[in-house]
Amino acid sequence: MQLRNYTTGGFERGQPAWFEALWLAARWLFFLNPLPWPSDLRVALLRAFGAKIGERVVVRANVNITFPWRFQAGDDVWLGEEVLILSLAPVVIESSVCISQRAFLCTGSHNFRAENFDLVTKPITVRARSWVAAQAFIAPGVEIGAGSMVAAGSVVTENVPPKSLVQGNPAVVVKRFD
């Protein structure tokens, strides 16, 4: 691996530089600080920057969404304090989902075996009625099945079946819900 040769390859940022600069300013002012800005204001800003967001969505302080134009949330979604969503690829969160404090949804990684440490991006989907608990890590390309729970601190590198509880590093199914 030769990091000096790294490029992002064909990665498209999705918006012109001026638009992304406006988002960075809005993100810094209204998202990446502990000020008690109303959630409705944060939701309105995300929509203004291209996010598709349903009704009754709660976005707490210090939520960091890198590219809102690649973010989608259904109705009744909660994003807890310090959630990080690296949206280099689409992130879809269906309705009635809670993403708890400091969870990290990461759509990007690198090909370690490639000479240029190539950027690899894959989408993440969290299906309806699921809970990603505090400080969980969701890897690129993962789908969390409907009605599932990812336990706190878990590292999820593979799809989670519907109605399952996963925990650990790497996360494994420890229970099925009826």
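Note: hydrogens, waters and symmetry copies are ignored here, and every other heavy atom, side chains too, is used.
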Novice: Should Phe177 and Val126 be counted in the same cluster of Ile, Leu, Val, Met, Phe, Trp and Tyr side chains packed under 4.5 Å apart?
Specialist: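 Not linked; separate clusters.
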Novice: Does some side-chain heavy atom of Val77 sit less than 4.5 Å from a side-chain heavy atom of Asp75?
Specialist: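 Not in contact.
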Novice: Apply side chain to side chain contact (heavy atoms under 4.5 Å, CB included) to Thr8 and list each qualifying residue two or more places apart in sequence or on a separate chain.
Specialist: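 Result, side chain to side chain contact (heavy atoms under 4.5 Å, CB included) vs Thr8: Tyr6, Phe11, Leu119.
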Novice: Taking side chain as C-beta onward, heavy atoms only, is Leu32 less than 4.5 Å from Asn64?
Specialist: yes
Novice: Could you tell me whether the side chain of Ser154 and the main chain of Gly168 form a donor-acceptor pair under 3.5 Å?
Specialist: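 A pair under 3.5 Å: yes.
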Novice: Given the rule that I, L, V, M, F, W and Y join up when any side-chain heavy atoms are under 4.5 Å apart, are Leu22 and Ile65 in one cluster?
Specialist: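 Yes, one cluster joins them.
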Novice: Quick one: closest heavy-atom pair of Ser87 and Pro68, and the distance?
Specialist: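 Answer, listing the atom of Ser87 first, then Pro68: OG-N, 4.5 Å.
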Novice: Using atom types as modelled and distance alone, determine if a side-chain donor or acceptor of Ser39 lies under 3.5 Å from a backbone N or O of Val59.
Specialist: yes
Novice: Please evaluate residues Ser130 and Ser148 with respect to the criterion side chain to side chain donor-acceptor pair (under 3.5 Å), reporting the C-alpha separation (whole Å), side-chain torsions for both, the decisive distance (0.1 Å), and the verdict.
Specialist: CA-CA 5 Å; Ser130 293; Ser148 291; 5.0 Å; no
Novice: Do Trp23 and Leu46 make a side-chain contact, defined as non-hydrogen atoms from C-beta onward lying under 4.5 Å apart?
Specialist: yes
Novice: Show me the pairs that pass ring pair (Phe, Tyr, Trp, His ring centres under 6.0 Å) and involve residues 77-99, at least two apart or across chains.
Specialist: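 For residues 77-99, and leaving out neighbouring residues, there are no ring pair (Phe, Tyr, Trp, His ring centres under 6.0 Å) pairs at all.
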Novice: Please enumerate all residues that pass side chain to side chain contact (heavy atoms under 4.5 Å, CB included) together with Leu24, with sequence neighbours excluded.
Specialist: Arg27
Novice: Check the hydrophobic clustering (I, L, V, M, F, W, Y; side-chain heavy atoms under 4.5 Å; chains of links allowed) and say if Leu84 and Val63 are grouped together.
Specialist: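 Same cluster: Leu84 reaches Val63 through Ile, Leu, Val, Met, Phe, Trp or Tyr contacts under 4.5 Å.
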Novice: Kindly say whether Ala133 contributes a backbone atom to a donor-acceptor pair with the side chain of Ser100 at under 3.5 angstrom?
Specialist: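 No; zero donor-acceptor contacts below 3.5 Å.
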Novice: Is there a chain of hydrophobic side chains (I, L, V, M, F, W, Y, each step under 4.5 Å between heavy atoms) that links Val92 to Val57?
Specialist: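 Result: no, two separate clusters.
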Novice: Given Val160, which of Val166, Leu165, Val173 fulfils the side chain to side chain contact (heavy atoms under 4.5 Å, CB included) condition?
Specialist: Val166
Novice: Remaining members of Val120's ILVMFWY cluster at a side-chain heavy-atom cut-off under 4.5 Å?
Specialist: none
Novice: Are more than 12 heavy atoms from other residues, nucleotides or ligands located less than 6.0 Å from atom CD of Glu115?
Specialist: yes
Novice: Taking only residues at least two apart or on different chains, which pairs with a member in residues 98-114 satisfy salt bridge (charged side-chain N to carboxylate O under 4.0 Å, His left out)?
Specialist: Glu82-Arg102
Novice: Once rounded to the nearest 0.5 Å, what's the spacing between atom CD of Gln72 and atom OG1 of Thr125?
Specialist: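 Rounded to the nearest 0.5 Å, the CD-OG1 separation comes out at 9.0 Å.
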Novice: Would you give the length of the straight line joining atom CD1 of Ile138 to atom CG of Leu105, rounded to the nearest 0.5 angstrom?
Specialist: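 The distance works out to 5.5 Å.
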Novice: Roughly how far apart are Asn116 CG and Leu3 CG, rounded to 0.5 Å?
Specialist: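 The CG atom of Asn116 sits 9.5 Å away from the CG atom of Leu3.
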Novice: Would you mind listing every ring pair (Phe, Tyr, Trp, His ring centres under 6.0 Å) that reaches into residues 123-173, with sequence neighbours excluded?
Specialist: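 Passing the test, one end in residues 123-173: Phe104-Phe137.
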Novice: Do Val58 and Ile99 sit in the same hydrophobic cluster, where Ile, Leu, Val, Met, Phe, Trp and Tyr count as joined when their side-chain heavy atoms come under 4.5 Å apart?
Specialist: no
Novice: Identify, with sequence neighbours excluded, every residue that meets side-chain hydrogen bond (donor to acceptor under 3.5 Å, both in side chains) alongside Arg13.
Specialist: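 Listed in chain order: Glu20.
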Novice: Among pairs that include at least one residue of residues 83-93, which meet salt bridge (charged side-chain N to carboxylate O under 4.0 Å, His left out), considering only residues two or more places apart or in two chains?
Specialist: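 Every candidate salt bridge (charged side-chain N to carboxylate O under 4.0 Å, His left out) pair involving residues 83-93 fails, so no pair, neighbours aside, qualifies.
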Novice: If you round to the nearest 0.5 Å, how far is CZ of Phe31 from CG of Leu41?
Specialist: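 It is 7.5 Å, given to the nearest 0.5 Å.
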Novice: How many angstroms lie between CG in Asn169 and OG1 in Thr157, if you round to the nearest 0.5 Å?
Specialist: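 One gets 8.0 Å once the value is rounded to the nearest 0.5 Å.
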Novice: Please list all pairs passing the ring pair (Phe, Tyr, Trp, His ring centres under 6.0 Å) test where one or both residues lie in residues 142-170, with sequence neighbours left out.
Specialist: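 Not a single pair qualifies under ring pair (Phe, Tyr, Trp, His ring centres under 6.0 Å).
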Novice: With sequence neighbours excluded, what pairs up with Pro16 under the side chain to side chain contact (heavy atoms under 4.5 Å, CB included) test?
Specialist: Trp18, Phe19
Novice: For a quick test of reading the model, state the closest non-hydrogen atom pair linking Thr107 to Ala89 and the distance between them.
Specialist: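 Distance-wise, the nearest heavy atoms are OG1-N, 3.1 Å.
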Novice: If you look only at pairs with a residue in residues 48-60, which of them pass as a salt bridge (charged side-chain N to carboxylate O under 4.0 Å, His left out), with sequence neighbours excluded?
Specialist: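 Sorted result for residues 48-60: Arg56-Asp76, Arg60-Glu81.
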Novice: Taking only residues at least two apart or on different chains, which pairs with a member in residues 116-133 satisfy salt bridge (charged side-chain N to carboxylate O under 4.0 Å, His left out)?
Specialist: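 Listed by first then second residue: Glu94-Arg127, Arg127-Glu143.
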Novice: Determine the minimum heavy-atom distance between Asn33 and Leu29, stating which atoms define it.
Specialist: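 Of all heavy-atom pairs spanning Asn33 and Leu29, the closest is ND2-O, 2.5 Å.
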Novice: Do Pro123 and Val91 come close enough that some side-chain heavy atom pair is under 4.5 Å?
Specialist: no
Novice: Working to the nearest 0.5 angstrom, can you tell me the gap between Leu88 CG and Ser109 OG?
Specialist: 10.5 Å
